[in-house]
Amino acid sequence: MKTIFITGASSGLGKATAKLFHKKGWNVIATMRNPEKETELSQLKNVTLLALDVTHYDQIQSTVKKALELSDIDIVFNNAGYGLIGPLESLSDSQITKQLDTNLLGVIRVTNAFIPYFRERKSGLFISTTSIGGLIAFPLGSIYHATKWGLEGWSESMAYELNPFGINIKTVSPGGIKTEFLHGSLDTGAKPEYQTMVDKMFGSVDVMFEMASTPEQIADVVYEAATDGKNQLRYVAGEDAKAFYKRRLEVGDEVFRSEFGKQFFGE
Ligand SMILES: NC(=O)c1ccc[n+]([C@@H]2O[C@H](COP(=O)([O-])OP(=O)(O)OC[C@H]3O[C@@H](n4cnc5c(N)ncnc54)[C@H](OP(=O)(O)O)[C@@H]3O)[C@@H](O)[C@H]2O)c1
């Protein structure tokens, strides 16, 4: 039986992925900040809950050790993350640091903790949830984009570094997903000078979210990335994300940027 280790499995995509892999007969180590609150995954056979906050270096080391004592691990799914939206000058240093710490450094730390094990084993796969926001940019999401673009570039570099040891690394880059992301999980900043821009942005995002995927649809892409045996880095997931990325590749960065900006700010 194969095993997947998942971060941020308490809700949204992480939880849907835990349920899908469980259904497909995998052993699942579902990690989350507060496993004592979880009532659904805790009922499932072959699903083990472990506590993990990806911003806590020491907890990462002890949880990875615990997980490896429980079973061999085939796949690490770095999924924990949240959105930070707002004009840069409205954000506090602690908001900025927390976003980088969770979305970018969290993935790097968890990956680093598993590399020696995968290298010894000469096999293993890392999959990280990035975002279409790691391949294109929206207004007012600069720090979120810094984390997700960061992860895309980091993963591309890591593929060169890890492939010679039989280890693979992939990104799943979803468009909108109907989860807690735009509700409970979102952190924001505001400043009156930017309010018109903020209103336009959220107006456009609401329209775009009509095309959003369900977490289950994106979990299917994670499953594909986990099982297709391909040495493919990037899995753009969801019809909205595919359309945006296709257009960006077709017309190039500058034309895309100008077209995309008009959606928010008109001619
Ligand atoms: N929803 C979208 O439109 C969308 C689009 C593209 C990419 N994504 C990405 O998809 C991933 C999953 O998000 P989602 O949409 O499923 O939203 P979600 O339902 O809010 O799930 C986010 C998960 O991340 C966890 N998390 C946050 N900070 C953490 C930390 N410090 N340590 C460990 N876990 C932490 C949350 O745990 P708690 O329950 O403890 O808060 C939760 O389980 C994120 O990386 C997000 O950036 C989302």
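For ligands, and for the atoms within them, numbers begin at 1 and follow the listed sequence.
- The pair E69-K65 meets the salt-bridge criterion, since a charged nitrogen lies less than 4.0 angstrom from a carboxylate oxygen.
- Interface atoms of ligand 1 facing L13, defined by a heavy-atom separation under 4.0 Å, are 16 (O).
- Around atom 44 (C) of ligand 1, the closest heavy atom drawn from N79, I6, V54 belongs to N79.
- Here the side chain of T31 pairs a donor or acceptor atom with the backbone of I6 at under 3.5 angstrom.
- Residue G14 has no nitrogen or oxygen atom sitting less than 3.5 Å from a nitrogen or oxygen atom of ligand 1, judged on distance alone.
- Protein heavy atom in closest approach to atom 40 (O) of ligand 1: R33 NE, 2.9 Å.
- Close approach of ligand 1 to F209 is summarised as follows: ligand atoms under 4.0 Å from at least one heavy atom of the residue are 3 (O).
- Proximity of K15 to ligand 1 is not established, as no heavy-atom distance is less than 4.0 Å.
- Between the side chain of T102 and the main chain of T55, no donor-acceptor pair closer than 3.5 Å is present.
- Checked by distance only, ligand 1 and S131 stay at 3.5 Å or farther apart across all their nitrogen or oxygen atoms.
- At least one N or O atom of I177 sits closer than 3.5 Å to an N or O atom of ligand 1.
- F260 and F244 have their aromatic ring centers within a separation under 6.0 angstrom.
- For atom 15 (O) of ligand 1, the closest heavy atom belonging to the protein is T179 OG1, 2.6 Å.
- Closest protein heavy atom to atom 10 (O) of ligand 1: T129 CG2, 3.2 Å.
- Interface atoms of ligand 1 facing G176, defined by a heavy-atom separation under 4.0 Å, are 3 (O).
- Going from atom CD of E152 over to atom OG1 of T171 covers 3.5 Å, rounded to the nearest 0.5 Å.
- The heavy atom nearest to atom 13 (O) of ligand 1, out of those in S11, A80, G81, is found in G81.
- Aromatic ring centroids of F209 and F181 lie 6.0 Å or more apart.
- Distances from atom 6 (C) of ligand 1 to the heavy atoms of P215, P174, A51 show the closest one on P174.
- Looking from atom 5 (C) of ligand 1 to the surrounding protein, the closest heavy atom is G175 O, 3.1 Å.
- Looking at ligand 1, you won't find any N or O of N34 less than 3.5 Å from one of its N or O atoms.
- At a 4.0 Å heavy-atom cut-off, ligand 1 does not touch K178 at all.
- Set against the non-hydrogen atoms of T55, the atoms of ligand 1 under 4.0 Å away are 31 (N).
- Taking 4.0 Å as the cut-off between side-chain N and carboxylate O, R247 and E250 count as a salt-bridged pair.
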Step by step, work out the ring-ring contact (aromatic ring centres under 6.0 Å, His included) result for F77 and F21. CA-CA 11 Å; F77 180 39; F21 278 71; 7.8 Å; no
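- In the vicinity of G12, heavy-atom distances shorter than 4.0 Å reach the ligand 1 atoms 16 (O), 19 (O).
- For Y57, the OH atom is loosely surrounded, since the number of other residues' heavy atoms within 6.0 Å does not exceed 12.
- Salt bridge annotation for E259-K262: absent, with no cationic side-chain nitrogen under 4.0 angstrom from a carboxylate oxygen.
- S173 and T130 are linked by a side-chain donor-acceptor pair at a separation below 3.5 angstrom, with hydrogens and angles left out of the test.
- In terms of polar-atom proximity, defined here as any N/O pair under 3.5 Å, Y144 does make such a contact with ligand 1.
- The shortest distance between side-chain heavy atoms of L100 and I96 falls below 4.5 Å.
- Residue-level proximity to ligand 1 for L52 is carried by the backbone, the only part with a heavy atom below 4.0 angstrom.
- Distances below 4.0 Å separate heavy atoms of S185 from the following atoms of ligand 1: 18 (P), 20 (O).
- Between G8 and ligand 1, an N or O atom pair is found at a separation short of 3.5 Å.
- Closest to atom 31 (N) of ligand 1 among all protein heavy atoms lies D53 OD1, 2.9 Å.
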